[in-house]
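Structure in structure tokens, see below.
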Amino acid sequence: MTTPGIDRSAARFDTGNHVTPLRELAEAPVFTVFQQMAATPSGLTEAQAADRLHRHGDNLPPALSEDGLLARTTAALRSPFIALLSVLAVVFVAVGDPRGSTTVAVMVALAVGLRLWQQTRSVRATRQLRTLASATATVRRRADDLAEPLEREVPVSDLVPGDIVLLRAGDVVAADLRVLSSTDLLVDQSVLSGEALPVRKGAPIADGAAAGGGIVDSANLCFAGSAVVAGSATAVVVATGGDTYSGSLAHAAAGLRPESSFDSGVRAVGWTLIRFMLVLVPIVFVVNGAVSGIWTQAAMFAVAVAVGLTPEMLPVIVTSNLARGATRLARDRVVVSRLNAIQDLGAVEVLCVDKTGTLTEDRVVYANSIDVTGRIDHGVAEFAYLAAFFADESHDRLDAAICEMLTEQGMPLLAEAAYDKVDEIAFDPGRRRSSVVVRRQPGEHVLICKGDPDRVLPQCSRVWLDQAAVTLSDDIRLEADDLVQAYRKQGMRVLAVAARPGPARLERYGADDETDLVLVGFVGFVDPVRVSAAPAVSELADCGVQVKILTGDSAIVARQVAGQVGVDPERVLVGAQIDRIADHRLAKVAADTSVFAELGPGHKLRIVTALRQHGCAVGFLGDGVNDVAALRTADAGIAADTATDAAKDAADVILLDKDLQVVVRAVIEGRRTLANTMKYVKITAASNFGNVLSVVAASVFLPFLPMLPVQLMVQNLLYDTAQLALPWDRVERDYLRAPRRWPSDGLVGFMVVFGVVSSLFDLATFAMLWWVFGAGQNQAMFHAGWFVEGLLTQLAVVLVLRSKAAPLRGDRPARIVVAAAAAAASVGLVLGFTPLAGLLDMSPLPITYAVWLIASIVAYGFAAHAVKRRYLRRRRSWL
């Protein structure tokens with residue numbers, strides 16, 4: 001159920017260029033509509049249809065621009081890390097170092113290529129989720145102007161403006177249509193409006209659009225994406241493809257993608273590294289130039305600092321972690337369409353979900369039937385079954401639930417044997433009830449009415465009690481009302497069933513005959529809560545994620561379901577109340593509320609926006625066209641594979657199983673991915689900063705560079721290649737129990753603390769090489785000595801700092817991480833003995849240097865662990 005306030009919030013979507021022509025067509029006479037659409041009642045000719053198809057294009061939902069190769073390439077390049085590496089490549093070209101510029105260019109190409117590959121896989125998987133069956137529509141077409149019109153099936157993609165379409169129950173409306181004529185047409189347009197119940201559509205001339213309402217309230221317009229529940233109609237196509245109303249919503253939402261928590265975190269980290277570079281590089285250049293007077297050497301020192309600060313493989317490492325996360329999620333039947341969304345899932349603090357289909361099973365199940373006093377009475381269900389069984393067209397799932405239940409008991413045979421149908425009074429959303437008239441014995445008709453208790457009870461004058469019809473007194477009526485409310489508060493849907501026997505007659509029955517009824521009783525239905533819903537909500541709460549329910553259903557039902565699954569049901573905010581709250585106040589109100597009911601399309605967007613303004617990282621699970629804007633505004637938009645194409649296009653993550661347990665696993669995987677990414681970011685940044693401090697000190701005390709820029713880059717590449725195994729590393733359970741974002745605010749402190757520790761051991765190595773091993777007169781040996789020591793200590797410190805626990809306690813590193821570190825160390829040790837040593841200006845080291853290496857690595861490991869313990873006492877978070 002929705003409220004009048006929903007139309008006001010939905011009206012914000014009714015301001016596009018698509019709405020005005022639709023409103024004009026809704027209000028125009030049929031003759032004018034035919035003129036404007038260049039159509040006739042007998043339909044288009046095949047030639048006209050082919051020409052219009054060529055001009056307007058296929059009737060397909062608009063594809064988002066992110067799907068294109070150019071858009072995906074642009075997104076892959078739009079990274080501060082890629083920009084940082086690109087600037088570094090230019091610097092190498094400027095100083096005449098082709099080896100350095102080539103290496104950086106390879107890193108950029110590798111990072112972009114890996115991201116493009118994974119993104120292309122995701123787009124392909126998303127497209128495969130769309131239905132493979134080619135839906136069709138019934139249209140009137142003619143061979144030529146003189147031929148008789150024929151009704152035939154055409155693919156929905158071939159519909160064009162001006163086509164005459166025939167609608168029947170069960171059809172999905174494939175384009176925007178102006179209804180020309182109809183018979184008891186009921187349309188479910190919940191994917192657009194959020195309205196839970198089907199609405200009646202017809203062909204009024206004067207009042208095409210509902211006064212004061214949105215365009216979706218137009219009584220003679222049917223919109224693409226809606227479905228025919230009952231009745232039939234003839235309509236003319238007025239818009240196709242991207243020109244439809246749902247297409248306009250998708251287009252409008254396409255520009256809503258704000259910066260997510262992942263994007264803002266990456267940007268902050270990138271700018272932190274850039275600021276360090278902008279400060280330190282000029283300082284080193286000026287200091288070394290002033291001290292040595294050799295500005296060429298000073299420039300090389302400055303380049304070395306820039307190289308030392310730059311984590312060349314950072315884009316590749318980040319993308320590898322995301323790709324690994326996407327692969328793990330695929331095993332849980334989750335398709336990631338936007339790669340960065342994996343880490344956005346790990347940051348989610350608030351998850352907004354719909355009630356139907358997510359917390360419940362999205363099906364109606366017969367619960368019981370009772371008389372007016374609340375006693376079980378199976379006769380009430382039998383009357384309700386007769387009303388559903390003899391109806392020409394069932395209008396909702398309640399009838400299907402009754403029939404499914406009683407069919408197993410042989411009721412169809414009994415109904416056909418004992419009763420004959422006489423007439424039917426079809427369901428009307430205005431009356432909210434329907435009736436059938438049956439003949440039980442010659443000379444007697446029985447009118448059976450069922451529907452909303454609020455609309456059936458006023459038509460009753462008597463009640464069936466103790467096998468007799470007695471007067472429906474005020475006390476009994478009050479008792480019946482209390483009974484209905486009690487059922488509703490339990491989250492149940494209730495049908496009232498009434499009957500009236502009378503003499504047989506020849507004239508037709510109508511709504512005026514639904515009076516002086518005998519109230520038989522009530523039938524209750526439930527949408528069962530998923531068995532996994534409550535445990536999933538509890539697990540999310542344990543993980544620091546608050547679940548908020550956003551539904552178009554009534555507040556009573558929403559509150560009941562919330563209580564069953566463990567969401568706080570005390571405060572419920574409905575759409576009409578949200579309309580009266582200003583945006584700046586809604587942020588606080590939305591943060592304090594867990595259940596939102598009776599919502600329309602605009603409300604969901606406002607709630608998600610308000611929560612983000614409050615500082616929350618928001619996940620949103622939706623499936624309708626009316627959810628597209630909220631899906632794109634959320635940090636992580638989630639849709640099921642059963643959602644509309646527009647919703648799946650807008651979503652970042654698609655669930656092949658619409659179950660909150662899957663979302664729990666996705667959130668955990670997002671945090672695991674971020675943890676392994678941050679291991680690299682923070683530890684590498686600290687090590688690189690230590691290298692820079694060492695180079696700055698060397699620029700004052702040494703007459704030459706302690707390590708050439710290309711040597712620094714090769715060292716970084718060996719180290720970074722080993723860190724490609726980090727996506728497979730284990731993550732501490734404590735880290736997975738709370739939402740995680742890119743912690744750029746703690747990066748500087750981490751870099752300084754552990755960078756200084758690293759630099760102290762580098763300076764000790766400089767002293768050993770200069771005074772003990774006599775490398776002051778042999779630059780190639782000095783370069784090789786620091787190269788090996790720096791590489792091995794970097795590889796070792798990752799194993800120390802990867803978790804809070806001591807290296808041999810807690811969650812030990814994965815074997816592949818240890819193996820990769822050992823392999824990189826082996827290559828670094830033998831590099832000075834290979835032909836590449838000459839190209840890198842390095843020479844073999846004396847065997848005795850191994851003693852210093854072992855002592856340095858062990859001492860550095862203990863020092864890093866001691867500093868880590870002290871660091872953890874001052875800060876709660878780690879990595």
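FYI, side chains are in, hydrogens and waters are out, and symmetry mates aren't considered; it's all heavy atoms of this structure. Since we're looking at a predicted model, the values are computed, not measured.
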Glu514 and salt bridge (charged side-chain N to carboxylate O under 4.0 Å, His left out): which partner among Arg432, Lys450, Arg433, Arg455?
Arg433
Answer yes or no: is there a side-chain heavy-atom contact under 4.5 Å between Leu660 and Ser532?
no
Can you find a heavy atom in the side chain of Val436 that is under 4.5 Å from one in the side chain of Phe389?
no
Derivation and outcome, side-chain contact (heavy atoms from CB on, under 4.5 Å), residues Ile376 and Asn368:
CA-CA 7 Å; Ile376 298 295; Asn368 55 38; 4.0 Å; yes
Indicate yes or no: at least one non-hydrogen side-chain atom of Lys201 is less than 4.5 angstrom from one of Ser182.
no
Step by step, work out the side-chain hydrogen bond (donor to acceptor under 3.5 Å, both in side chains) result for Gln459 and Thr515.
CA-CA 5 Å; Gln459 308 304 116; Thr515 58; 5.8 Å; no
Closer than 3.5 angstrom, by distance alone: can the side chain of Lys355 be matched with the main-chain N or O of Thr551 as a donor-acceptor pair?
no
Pair Thr244, Asp176: side-chain N/O donor-acceptor within cut-off below 3.5 Å
no
Looking at every non-hydrogen atom in both residues, tell me the closest pair between Val156 and Asn59 and how far apart they are.
O-ND2, 2.9 Å
Any side-chain heavy-atom pair from Glu507 and Asp423 closer than 4.5 angstrom?
no
Between Tyr487 and Ile370, is the side-chain contact (heavy atoms from CB on, under 4.5 Å) condition met? List the steps.
CA-CA 11 Å; Tyr487 264 56; Ile370 57 174; 3.4 Å; yes
Over all heavy atoms of both residues, which pair between His445 and Val437 is shortest? Give the atoms and the distance, please.
CB-CG1, 3.8 Å
Please determine whether side-chain contact (heavy atoms from CB on, under 4.5 Å) holds for the pair Asp579 and His603, giving the CA-CA distance in whole Å, both sets of side-chain angles, and the decisive distance to 0.1 Å.
CA-CA 8 Å; Asp579 289 333; His603 295 134; 2.9 Å; yes
Identify whether the distance between the nearest side-chain nitrogen and carboxylate oxygen of Lys604 and Asp354 falls below 4.0 Å.
no
State, with a plain yes or no, whether a side-chain heavy atom of Leu221 is found less than 4.5 Å away from one of Arg178.
yes
Shortest non-hydrogen pair, Ala469 vs Val518, comes out as CB-CG1, 4.2 Å
Are the side chains of Ile164 and Leu180 in touch, meaning some heavy atoms are under 4.5 Å apart?
yes
Heavy atoms of Tyr245 and Leu22 approach each other most closely as CB-CD1, 4.1 Å
Interatomic distance, OH@Tyr366 vs OH@Tyr385, rounded to 0.5 Å, equals 13.5 Å
Contacts of type side-chain contact (heavy atoms from CB on, under 4.5 Å), residue Val228, not counting sequence neighbours:
Leu167, Asp171, Val173, Leu185
Donor-acceptor pairs are to be reported for all side-chain atoms of residues 476-484 against protein atoms at under 3.5 Å, with residues two or more places apart or in another chain.
from	atom 1	to	atom 2	distance (Å)
Arg477	NH1	Leu457	O	3.0
Arg477	NH2	Cys460	O	3.2

Please evaluate residues Leu599 and Ile607 with respect to the criterion side-chain contact (heavy atoms from CB on, under 4.5 Å), reporting the C-alpha separation (whole Å), side-chain torsions for both, the decisive distance (0.1 Å), and the verdict.
CA-CA 10 Å; Leu599 301 181; Ile607 292 168; 4.0 Å; yes
side-chain contact (heavy atoms from CB on, under 4.5 Å) involving Ala426 - partner list, sequence neighbours excluded:
Asp184
Arg505 CZ: over 12 foreign heavy atoms closer than 6.0 Å
yes
How many angstroms lie between atom CG of Asp420 and atom CZ of Arg439, to the nearest 0.5 angstrom?
5.0 Å
Nearest heavy-atom neighbours spanning Asp568 and Glu570
OD1-N, 3.1 Å
Between Val663 and Thr358, is any pair of side-chain heavy atoms under 4.5 Å apart?
no
In terms of heavy-atom contacts, does CD of Glu148 have more than 12 from other residues, nucleotides or ligands at under 6.0 Å?
no
Supply the atom-to-atom distance Leu519 CG to Trp464 CH2, rounded to the nearest 0.5 angstrom.
12.5 Å
Name all residues meeting the side chain to side chain donor-acceptor pair (under 3.5 Å) criterion together with Arg559; count only those two or more places apart in sequence or in a different chain, and write none if there are none.
none
Under 3.5 Å, is there a donor-acceptor pair between the side chain of Asp452 and the main chain of Asp454?
yes
Closest heavy-atom pair and its distance - Tyr509, Pro503:
OH-O, 4.2 Å
Does the side chain of Arg488 come within less than 4.5 Å of Pro453's, by heavy atoms?
yes
If you apply the rule salt bridge (Lys or Arg N to Asp or Glu O under 4.0 Å), what do you find for Asp158 with Arg141, and how did you get there?
CA-CA 12 Å; Asp158 289 348; Arg141 292 274 178 89; over 6 Å; no
For Ala533, check side-chain contact (heavy atoms from CB on, under 4.5 Å) against everything at least two apart and list the hits.
Leu359, Val529, Arg530, Val565
Can you name the side-chain contact (heavy atoms from CB on, under 4.5 Å) partners of Asp377, sequence neighbours left out?
Asp371, Val380
